[in-house]
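If you read the sequence from its start, that first residue is 1, and numbering goes on from there.
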Amino acid sequence: MKLIEDDIKKIDTAEAQNSYDQLIASLFVLLTHHSLTHSDDSADAIVSKLNILCEHSDIEYYPDQHRVFLKMRKLWRIKQFKAGLSEMLH
């Protein structure tokens, strides 16, 4: 289990070094995909992207966006939880 966590951290670190604009663009793609497919599977990827954006070094220059991302992350974590709960019950 530790190996998987380390691999995820490496991926997150590499992705966090992407430009802020690229990360926002990829979040937009994920949100668009979700709005078209209504798939609960996209919640994990969206939460992950929001985590990276909230921790990005450039976020300090965009306090309003930071607040929006934090609110979005909270909402998407709820969706993520509900999707996981739904899977467990079925």
*Asks:* Residues two or more places apart in sequence or in another chain: which of them pass salt bridge (Lys or Arg N to Asp or Glu O under 4.0 Å) with Asp21?
*Replies:*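 For Asp21 there are no salt bridge (Lys or Arg N to Asp or Glu O under 4.0 Å) partners, ignoring immediate neighbours.
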
*Asks:* Enumerate the side-chain hydrogen bond (donor to acceptor under 3.5 Å, both in side chains) contacts for residues 28-39, please, sequence neighbours excluded, ordered by first and then second residue.
*Replies:*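 Sorted result for residues 28-39: His34-Ser42.
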
*Asks:* By the rule that ILVMFWY residues connect when side-chain heavy atoms come within less than 4.5 angstrom, directly or transitively, which residues belong alongside Phe81?
*Replies:*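 Answer for Phe81: Leu85, Leu89.
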
*Asks:* Please name all residues satisfying side chain to side chain contact (heavy atoms under 4.5 Å, CB included) with Leu75, sequence neighbours left out, ordered by chain then number.
*Replies:*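 For Leu75, no residue satisfies side chain to side chain contact (heavy atoms under 4.5 Å, CB included) once neighbours in sequence are set aside.
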
*Asks:* What distance do Ile24 atom CD1 and Gln65 atom CD have between them, rounded to the nearest 0.5 Å?
*Replies:*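 Those atoms lie 4.5 Å apart.
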
*Asks:* Roughly how far, to the nearest 0.5 Å, is CG of Leu23 from CG of Leu53?
*Replies:*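 Answer for the CG-CG pair, Leu53 versus Leu23, is 5.0 Å.
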
*Asks:* When you group the ILVMFWY residues by side-chain heavy-atom contacts below 4.5 Å and let the links chain together, are Tyr61 and Leu27 in the same group?
*Replies:*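 Yes, Leu27 connects to Tyr61 through the hydrophobic network.
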
*Asks:* Among residues at least two apart in sequence or on other chains, which ones pass ring-ring contact (aromatic ring centres under 6.0 Å, His included) with Tyr20?
*Replies:*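 Only His56, Tyr62 meet the ring-ring contact (aromatic ring centres under 6.0 Å, His included) criterion with Tyr20.
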
*Asks:* For Met72 versus Leu31, what's the shortest heavy-atom pair and its separation?
*Replies:*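 The answer is CE-CD1, 3.7 Å.
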
*Asks:* What residues form a side chain to side chain contact (heavy atoms under 4.5 Å, CB included) with Leu70, not counting sequence neighbours?
*Replies:*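 Once residues adjacent in sequence are excluded, the partners of Leu70 under the side chain to side chain contact (heavy atoms under 4.5 Å, CB included) criterion are Cys54, His66, Arg73.
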
*Asks:* Under 4.5 Å between side-chain heavy atoms, counting indirect links through other Ile/Leu/Val/Met/Phe/Trp/Tyr residues: same cluster for Phe28 and Ile46 or not?
*Replies:*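 Hydrophobic grouping puts Phe28 apart from Ile46.
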
*Asks:* Kindly write out the residues that satisfy side chain to side chain contact (heavy atoms under 4.5 Å, CB included) with Ala43, not counting sequence neighbours, or none if the list is empty.
*Replies:*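 Ala43 satisfies side chain to side chain contact (heavy atoms under 4.5 Å, CB included) with Trp76, Gln80 only.
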
*Asks:* Please answer: with hydrophobic residues joined when any side-chain heavy atoms are less than 4.5 Å apart, are Val47 and Val68 in the same cluster?
*Replies:*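 They do share one cluster, since a chain of ILVMFWY contacts under 4.5 Å joins Val47 to Val68.
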
*Asks:* If you look only at pairs with a residue in residues 51-69, which of them pass as a salt bridge (charged side-chain N to carboxylate O under 4.0 Å, His left out), with sequence neighbours excluded?
*Replies:*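 Sorted result for residues 51-69: Asp64-Arg67.
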
*Asks:* With rounding to the nearest 0.5 angstrom, report the OG to CD1 distance, Ser48 to Ile52.
*Replies:*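 Going from the OG atom of Ser48 to the CD1 atom of Ile52 covers 4.0 Å.
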
